[in-house]
Structures are given as C-alpha cells and as structure tokens.
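Take a look at the structure below.
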Amino acid sequence: MPRVPLHVGGAVLCAMLSLVACGGEKARPNVLLFTVDSLRLDHVSALGRGNPREPRDVTTPAFDRFASDGVLFENAVSTTSWTLPSHAALMTGLPDELHGVLDNFQRLSPGLVTLAELLQGAGYRTAGYFSGPNVHPAYGFGRGFERYVDLSYVDLEPERLDQHGSGDLRDVHLASHRAITSPALLAAARGFLDEMAATDVPFFLFVHWWDPHYDYLAPAHYVERFVDPQYAGPMQGLHVADRTLRVEAADIEHLRGLYDAEIRFTDDHLGELLEHHDRVIGADRTFVVWTADHGEEFYEHGRWGHQRTLFEDVVRIPLALRGPGVPAGQRVGGQARLFDIYTAVAAAADVAIPAYVQGRDLQPLWAESAHSGFNAPLRLRVPRLGNPVDLTALRLARHKVLRDNTTGQTVVYDLVTDPLEQRPMPAEQAIGPAASAVALFHAELAALETAKERLPGQSESVDLPDALRRQLGAAGYLGSGEDG
C-alpha cells in the first residue's frame, strides 16, 4: 500500500496522487461501510449464537449470508469499549492513543485525513448517515462527506411506548437510547444508492446503526421470537432503570433475549439495504465492510453495559468483507484490528494513505492461512465518571496485558486457559510466553510514543453544541456517566 509522506487533505491529496489513484484510468470500486453499535461478537449467529427458543430463527441471517460471500474475521478487535474513540480509530487508521479522542470533549485533529476525506480526494462521492451522538460532526466525523446526516432523533411511536408499559418512558422518548432509527437509516441510504445508480462515479457510503445499543426496545413481534413469554422478572432492557437490579440467571437470559431481538431487527434492515444495493448497483462493484464499534457486558464481570472495562466481551467485534478482490466463503483466524479497516479500504480503492497511518492491509490475513494477525493496542479513559477509569492494554494472539493507569498495576490474562478473564496474573510474576507478552506491551507503548512525533496534529478540545450536549447527557455519556 503506497503511503503519502506528508499530510494533505481533500483535493490537494488527489492532485498529489497518480491519475490511476484519482480515477483517470482504472475504475474504482464503490465503498460501503456499516458499523453496528454495541454488537457483541458471540451474539452473531455465524459465530455461534443460537436462539434458545427457536434454533432456526437466528440473530443475524443477513450478516451470515454476507460473510459467506466474502471473508469472515473470527478474531477482530476494537480499540476500546465505546463508540467515540473506536469510530475515531476506524476513520483515521490510528489506535486511540494516537488519534487522542478519548472523551466527549475532544475532537479529531484537522491535520488527520479521515477516510471520507481520503476517498473524496480520490474522486469519490461521499455520504454518511448516523444514529448515535458519539459520531456527531462536532467530533470531526463529518469531514469529507458531501452529506452527513444525523438520524438519532427518530421518535418512538406512541403505541410502541404503550406496548412496553413503562409509564415514565413517554416523557423521555426523545433520548437517543430509546429512539428506533433503523427504518430511517434504511430509507436514507436507499435514496443515496438510487442516486448513485444513475452515475459512473464511485461512491463511499457510511451507515452507523444504533438500535442494538441499549435500551433494548425492538418491535414486539421481534421480542416474541427471542424472549421467553413466561419470564416474570423485573428486567425490561432499560439501562438506567435496570442496571441497579439484583439479577438472577433468568434476568440475564431475558436481557440477552431483548438484545438479540434488537440485533435481528437491525440485521433485517441491513439485509434489505444490501439486497437493494445489489439490485441497483451490483454486488461485484462495491467493496463492503460490515463491523461493530464494540461489544457489551452481561454481568460476566458484575455489570451490564460498556465503557468501563477492556474485557473480551466489549473489545471483540464481528467483521466481514465482501467485494472485488475478496475471496468468498473464507474464515480468518488471525487478529484484525478496527483501525486496519482504513488501510483495507484504501487498498481496495487503490488510494495512497498518509505515512502516519498505523492500520495494516487485511489481505495477508486471508492470503496466508497461518498469519497470526496484528497486535492490538487498547485504550480506555473515562475521567468524568464518579469512578474514573484509565486503562491501557495490548491484546496478542494468546495474551492480554492490561495496565490500570490509576493504580499503576499491570496484569496478564491468558486468553486460552482463562478465556473468561477471571484469573489476572501480576506482570511481575509472569514467566515464559506471558513474560514475553509483558515485554511486547512495553515495547508497543514506546512505539506509540515515537509515532506521536510523526502525527500532523493532536486532538483538540471541543465546545459541544447544546443539542449534542443534551443528547449525550440523555445517553449517559456526560456528568455521572452510565454508572450513575
């Protein structure tokens, strides 16, 4: 993959590239990028999730079909456990420590070339539709998009509120946690595809799907398919109301069923959009990426939600690719990272990337069956909660090394013998491969510090618009945060 040695943006970048890279001689594939918020890896049916009530009624039939037509990465990892920094990594090709957007009051450096800017500079038409507050243009995500449309505030229908029997829900139904956005995203994205079908210009379409993020309020006929009708416990799938409950196994099973219903609801809309794309554009003309920004915890470590840990439940994500140059029906075991998608897209589009980009092309992982993938730096800093969190980690093929920056303690998890991460080993006691993992962790931290010196700018503080501040507050990302 060629790299541009100095940062430039937009049309200037295009002028620096070859005619082939800017659309002069070689037809470029379109690019379609889906991120599904909070989609946990083991709730994807292609990777093992079944419906306890009806085995034939799986959670993600559209994703499964999509993955069977391309490459499915069984070991893909995010950069953190919440939406804002993970999307910043996706759109810049940088791990969180380098792009620096670690909390809700920072935005991307204008010196970084976003994926939309990169493709726009190469002659692509660009559009983005999003449905969650943490991918708002205030953070720099709108750069490079001709249109970048917020569909977060889609009201719940009054009858839907009544179905869930929550008396206080009506008063707060505009909060983004309780919006149902998949139908609006589908309609908007279909409209853009219809426009592009009449042109020969390549396009980049980004769609962020919010509905699997709590609260879990899928339409009733979806809930009925995944939830035991005999359940009589208190769990409703409402994060603010339910997260302080003393939960039993039946409550957790009910909660995961509500989550599965949201996943299937979203998957059906994604499947419909892909079918429309294949009809009006053609499956062989577009490089498609389907992934998630992070996962979700369901009390494996005592809590429900995300943005508080770097356990496997929240950092492992589904990832599949389909399109020109991608073989069909292949599963890959090597570790892929969310920020590698930037480079994989650029490689598919034959566009040069800035020299500072850390993402790697994913093609070697499916071309070489023994390829172990790439070490994955992880970062989580949530300073504004009542109980601050500051974690740095490195996930390797077998081990995860994690440092609590508030205490200075470093531990190692063996992900083979301790897949549920219940037995942390103090780093000073590590021997053999575990000790080697600790050494790699420290080497990675040093390499990231060196890489910072080559960046064309650091993240900046952002003054949030009032509407976004209210939305983030309603979603639990400001003030006391999701843990209250």
Side-chain angles (χ1 to χ4, degrees), residues 1 28-36 39-49 58-79 86 89-91 93 115 119 202 204-207 209 263 267 270-271 273-275 277-278 281-295 315-351 353 357-376 395 397:
M1 166 55 56
R28 287 207 171 92
N30 307 306
V31 176
L32 184 53
L33 172 58
F34 297 143
T35 58
V36 182
L39 180 55
R40 175 171 159 150
L41 180 75
D42 62 2
H43 274 253
V44 172
S45 48
L47 295 166
R49 181 62 173 175
V58 297
T59 53
T60 57
F63 179 86
D64 300 354
R65 291 191 300 271
F66 172 80
S68 69
D69 290 336
V71 171
L72 173 62
F73 294 84
E74 299 177 325
N75 198 20
V77 184
S78 183
T79 58
S86 60
L90 172 68
M91 293 301 185
L115 185 58
L119 295 176
F204 170 46
L205 174 60
F206 165 64
V207 188
W209 304 80
I263 293 171
D267 184 82
L270 263 158
L273 181 58
L274 273 174
E275 290 175 2
H277 165 273
D278 294 352
I281 302 294
D284 60 344
R285 295 182 56 194
T286 303
F287 184 78
V288 188
V289 182
W290 187 334
T291 190
D293 54 352
H294 57 79
V315 300
R316 296 189 71 196
I317 54 174
L319 170 62
L321 310 178
R322 187 196 80 178
V326 180
Q330 191 164 335
R331 290 185 173 226
V332 171
Q335 180 163 270
R337 307 165 302 184
L338 186 67
F339 62 92
D340 292 325
I341 292 171
Y342 183 104
T343 304
V345 168
D350 193 23
V351 177
I353 60 175
V357 167
Q358 299 286 303
R360 305 280 293 276
D361 188 7
L362 294 173
Q363 189 270 345
L365 272 67
W366 71 71
E368 305 168 27
S369 59
H371 200 302
S372 62
F374 312 115
N375 296 338
R395 191 182 190 277

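Only a predicted model underlies this, so the values are computations on that prediction, with no experimental measurement involved. Residues: numbered from 1 along the sequence shown.
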Would you sort out whether Leu274 and Phe34 count as a side chain to side chain contact (heavy atoms under 4.5 Å, CB included), showing the intermediate values?
CA-CA 10 Å; Leu274 273 174; Phe34 297 143; 3.9 Å; yes

Is there a side chain to side chain contact (heavy atoms under 4.5 Å, CB included) between Leu90 and Thr35? Walk through the geometry before answering.
CA-CA 10 Å; Leu90 172 68; Thr35 58; 3.5 Å; yes

Could you check if a side-chain atom of Val326 sits within less than 4.5 angstrom of a side-chain atom of Trp366, using non-hydrogen atoms only?
yes

Distance, nearest 0.5 Å, that separates OG1 of Thr60 from CG of Asp267:
5.5 Å

Is it true that Asp278 and Arg285 have a side-chain N and a carboxylate O under 4.0 angstrom from each other?
no

Tell me, do Asp64 and Val44 make a side-chain contact under 4.5 Å, heavy atoms counted?
yes

Would you say that Gln335 contacts His371 through its side chain, given a criterion of any heavy-atom pair below 4.5 Å between the two side chains?
no

Indicate yes or no: at least one non-hydrogen side-chain atom of Leu321 is less than 4.5 angstrom from one of Phe287.
yes

Between Arg316 and Glu74 (side chain of the first, backbone of the second, donor and acceptor by atom type, cut-off under 3.5 Å), is there such a pair?
yes

Spacing of Gln330 atom CD and Phe73 atom CZ [to the nearest 0.5 Å]:
8.5 Å

So Leu319 and Leu362, do their side chains get closer than 4.5 Å, heavy atoms only?
yes

Thr291 side chain reached by Pro318 side chain, heavy atoms, under 4.5 Å
no

Specify the closest pair of heavy atoms between Ser86 and Thr79, including all atoms of both residues, with the distance to one decimal.
CA-OG1, 3.5 Å

Any donor-acceptor N or O pair under 3.5 Å, side chains Arg395, Asn75
yes

Taking all non-hydrogen atoms of both residues into account, name the closest pair between Pro29 and Ala348 and its distance.
CG-O, 3.3 Å

For Ser45, does its backbone N or O pair with a side-chain atom of Thr59 as donor and acceptor, under 3.5 Å?
yes

I'd like to check Leu205 versus Leu33 (side-chain heavy atoms, cut-off strictly below 4.5 Å). Are they in contact?
no

How far apart are the closest heavy atoms of Asp361 and Pro364, and which atoms are they?
O-CD, 3.3 Å

Using only atom types and a distance under 3.5 Å, with no angle test, would you say the side chain of Thr286 pairs donor to acceptor with the backbone of Ala283?
no

Show your working on side chain to side chain contact (heavy atoms under 4.5 Å, CB included) between Ile341 and Met91 and close with a plain yes or no.
CA-CA 8 Å; Ile341 292 171; Met91 293 301 185; over 6 Å; no

Hey, does the side chain of Thr343 reach the backbone of Gly359 with a donor-acceptor pair shorter than 3.5 angstrom?
yes

At what distance, to the nearest 0.5 angstrom, does CG of Leu39 lie from CD1 of Ile317?
9.0 Å

Identify the heavy atoms of Val332 and Leu365 that sit nearest to each other, and give their distance.
CG1-O, 3.5 Å

Might you point out which heavy atoms bring Ala349 and Leu119 nearest each other, and give the distance in Å?
CB-CD2, 4.0 Å

Between OG on residue Ser78 and CG on residue Leu338, distance to nearest 0.5 Å
5.0 Å

Do Leu115 and Val31 make a side-chain contact, defined as non-hydrogen atoms from C-beta onward lying under 4.5 Å apart?
no

Which atoms form the tightest heavy-atom contact between Pro327 and Val71, and what is the distance?
O-CG2, 3.6 Å

Should the pair Trp290 and Phe66 be assigned to parallel (<30°), tilted (30 to 60°) or perpendicular (>60°) ring geometry?
tilted

Evaluate Phe374 against Asp340 for side chain to side chain contact (heavy atoms under 4.5 Å, CB included), listing each step before the verdict.
CA-CA 9 Å; Phe374 312 115; Asp340 292 325; 3.5 Å; yes

Is it the case that the side chain of Arg337 and the backbone of Ala76 share a donor-acceptor pair, with hydrogens and angles ignored and the cut-off at 3.5 Å?
no

